[in-house]
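Keep in mind it's a predicted model, so treat the numbers as computed, not measured. Side chains are part of it too, since the values below use all heavy atoms of this structure and drop only hydrogens, waters and symmetry mates.
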Amino acid sequence: MGTVQQRRPNQMKTSERKIEARSTDTYTILPGRADRGLLLLCDHAGNAFPPEYGTLGLPDSQLKRHIAYDIGAAEVTRRLSAALEAPAVMTRYSRLLIDPNRGEDDPTLIMRLSDGAIVPGNRVITPEEREKRLRLYYWPYHDAIDNVLDRCLATGSTPAILSIHSFTESWKGISRPWHVGVLYGEDDRLAGPFLEALCAENDLIVGANEPYIGQLVGDTLWRHGTQRGLAHAIIEIRQDLIRDERGQAAWADRLARITRDVLPKVDLQPRAISKAACA
């Protein structure tokens, strides 16, 4: 039997450098260049539920709140993906069904109470139901991210990961002043230049690891960024700024411009994984 020769990245067909659009019951992949050097993520893109779950007993008014999804983040991600020709992976269902941006053992993986709202369909979760949600609506999303990253790396171009989120403008009656936050852990290769660029806009209040800390063991960027040694960051946009189409378009345009400037300056080579990162 002859030896199978592996093609070099510069010998790849054009089709192999393209991430195709795909939609499943768990996630959506937006098309883009595998060699773009960037993968976009949107962990909390939608507020829908699989038919068998109804609305988990919640009224529609609760599903329009931040507890169900990151308002405006999905459309910003779609526009940013198209503008940059960068692939993106987005969730399909509400974070109340299961939160993909949590470790599988995190107590907030399936929320029973969220910002004052009791979630009736989550009040009693059997081990079997928990495993079912992990199997159908959690792992397929993370497997899709891994698969896209593998295809990007196969081109010889190491991707950075940029995750798009949004945060509510007030929390427990306290207004949040930041227009945008950049979240990160120990690796600030991507976050640092983004913070500098956003501050240089001169019309924004920018938070470093605001309004949340940047990374927890088991969350999405820990799993796919830290554990692979890839540069990564979260962009958190205040929700009142991207509730409508005009705001979404403006922020996508702004982030596209900044990303085009920032990305070539970032050291994208994978870093060795520290023991602390594996904890």
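Residues Leu268 and Ile161 do not share a hydrophobic cluster, clusters being chains of Ile/Leu/Val/Met/Phe/Trp/Tyr side chains in contact below 4.5 Å. Trp251 and Trp178 are not part of a single hydrophobic cluster, where members link through side-chain heavy atoms under 4.5 Å apart.
Ion pairing of Arg95 with Asp43 is absent here, as no side-chain N (NZ or NE/NH1/NH2) approaches a carboxylate O to less than 4.0 Å. Salt-bridge annotation for Arg135 and Glu131: absent, with no side-chain N of the basic residue lying under 4.0 Å from a carboxylate O of the acidic one. With respect to the salt-bridge test (charged N to carboxylate O, under 4.0 angstrom), the residues Asp105 and Arg130 qualify. For Glu128 and Lys132, the salt-bridge test fails: no basic side-chain N is under 4.0 Å from an acidic carboxylate O.
Annotation: salt bridge (charged side-chain N to carboxylate O under 4.0 Å, His left out) contacts of Asp146 (sequence neighbours excluded): Arg228. With sequence neighbours left out, the salt bridge (charged side-chain N to carboxylate O under 4.0 Å, His left out) criterion links Arg238 to Asp240. For Glu201, the side chain to side chain donor-acceptor pair (under 3.5 Å) criterion is met by Arg254, Arg257, not counting sequence neighbours. Qualifying side chain to side chain donor-acceptor pair (under 3.5 Å) partners for Lys265, counting only residues two or more places apart in sequence or in other chains: Asp261. In this structure Arg112 satisfies the side chain to side chain donor-acceptor pair (under 3.5 Å) test with no other residue, sequence neighbours excluded. Applying the side chain to side chain donor-acceptor pair (under 3.5 Å) criterion to Asn101, with sequence neighbours excluded, gives Thr220. Not a single salt bridge (charged side-chain N to carboxylate O under 4.0 Å, His left out) links Glu196 to another residue, sequence neighbours left out. For the salt bridge (charged side-chain N to carboxylate O under 4.0 Å, His left out) test, no residue two or more places apart in sequence or in another chain qualifies with Asp60. Residues forming a side chain to side chain contact (heavy atoms under 4.5 Å, CB included) with Asp106 (at least two apart in sequence, or on another chain): Arg102, Thr108.
What you find for Glu236 and Pro211 is that their closest heavy atoms are CB-CD, 4.5 Å. The minimum heavy-atom distance between Ala252 and Arg79, with the atom names listed, is CB-CB, 3.4 Å.
Formation of a donor-acceptor pair under 3.5 Å by the Ser81 side chain with backbone atoms of Ala86 is found in this model. Using a distance-only test at 3.5 Å, with no hydrogens or angles considered, a donor-acceptor pair links the side chain of Ser94 to the main chain of Ala68. For Asp70 (side chain) and Ala73 (main-chain N/O), no donor-acceptor pair under 3.5 Å exists by modelled atom type. Looking at Arg189, its side chain never comes within 3.5 Å of a backbone N or O of Val266 through a donor-acceptor pair. A donor-acceptor contact shorter than 3.5 Å links the side chain of Gln248 to the backbone of Ile242. Proximity of a side-chain donor or acceptor of Arg92 to a complementary backbone N or O of Thr24 within less than 3.5 Å is detected. Under a 3.5 Å cut-off, the side chain of Asp188 and the backbone N or O of Ala191 do not form any donor-acceptor pair. A side-chain donor-acceptor contact under 3.5 Å links Thr91 to the backbone of Ala45.
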Practice item. Using the side-chain contact (heavy atoms from CB on, under 4.5 Å) rule, take Cys152 and Asp35 through it: C-alpha gap first, then chi angles, then the decisive distance, then the call. Key: CA-CA 6 Å; Cys152 291; Asp35 60 354; over 6 Å; no
Point to revise | side-chain contact (heavy atoms from CB on, under 4.5 Å) between Leu41 and Leu221, worked out | key: CA-CA 9 Å; Leu41 301 179; Leu221 291 190; 4.2 Å; yes
Exercise for review: Please test Ile237 against Phe167 for side-chain contact (heavy atoms from CB on, under 4.5 Å), starting from the C-alpha separation and ending with a verdict.
Suggested key: CA-CA 6 Å; Ile237 308 167; Phe167 64 94; 5.7 Å; no
Review point. For Ile19 and Arg151, what are the C-alpha separation, side-chain angles and deciding distance, and is it a side-chain contact (heavy atoms from CB on, under 4.5 Å)?
Key: CA-CA 8 Å; Ile19 302 296; Arg151 290 191 58 190; 3.9 Å; yes
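In this structure, a donor-acceptor pair under 3.5 Å is absent between the side chains of Arg22 and Asn147. When only modelled atom types and interatomic distance are considered, His44 and Asp99 share a side-chain donor-acceptor pair under 3.5 Å.
Between His142 and His224, the gap from one ring centroid to the other is short of 6.0 Å.
Counting side-chain heavy-atom gaps under 4.5 Å among Ile, Leu, Val, Met, Phe, Trp and Tyr, Val124 is found in no cluster with other residues. Met111 belongs to a hydrophobic cluster whose remaining members, ordered by chain and number, are Phe49, Tyr53, Leu56, Leu58, Leu63, Ile67, Tyr93, Leu96, Leu97, Ile98, Leu109, Ile110, Val119, Ile125, Leu134, Leu136, Tyr137, Tyr138, Trp139; membership requires side-chain heavy atoms of ILVMFWY residues under 4.5 Å apart, directly or through intermediates. Through side-chain heavy atoms spaced under 4.5 Å, either directly or across other Ile, Leu, Val, Met, Phe, Trp or Tyr residues, Leu30 is tied to Met90.
For Glu245, the CD atom counts as loosely surrounded, since its 6.0 Å shell holds 12 or fewer non-hydrogen atoms of other residues, nucleotides or ligands. Within 6.0 Å of CZ in Arg243 there are more than 12 heavy atoms belonging to other residues, nucleotides or ligands.
Distance check: Tyr184 OH to Leu195 CG gives 5.5 Å after rounding to the nearest 0.5 Å.
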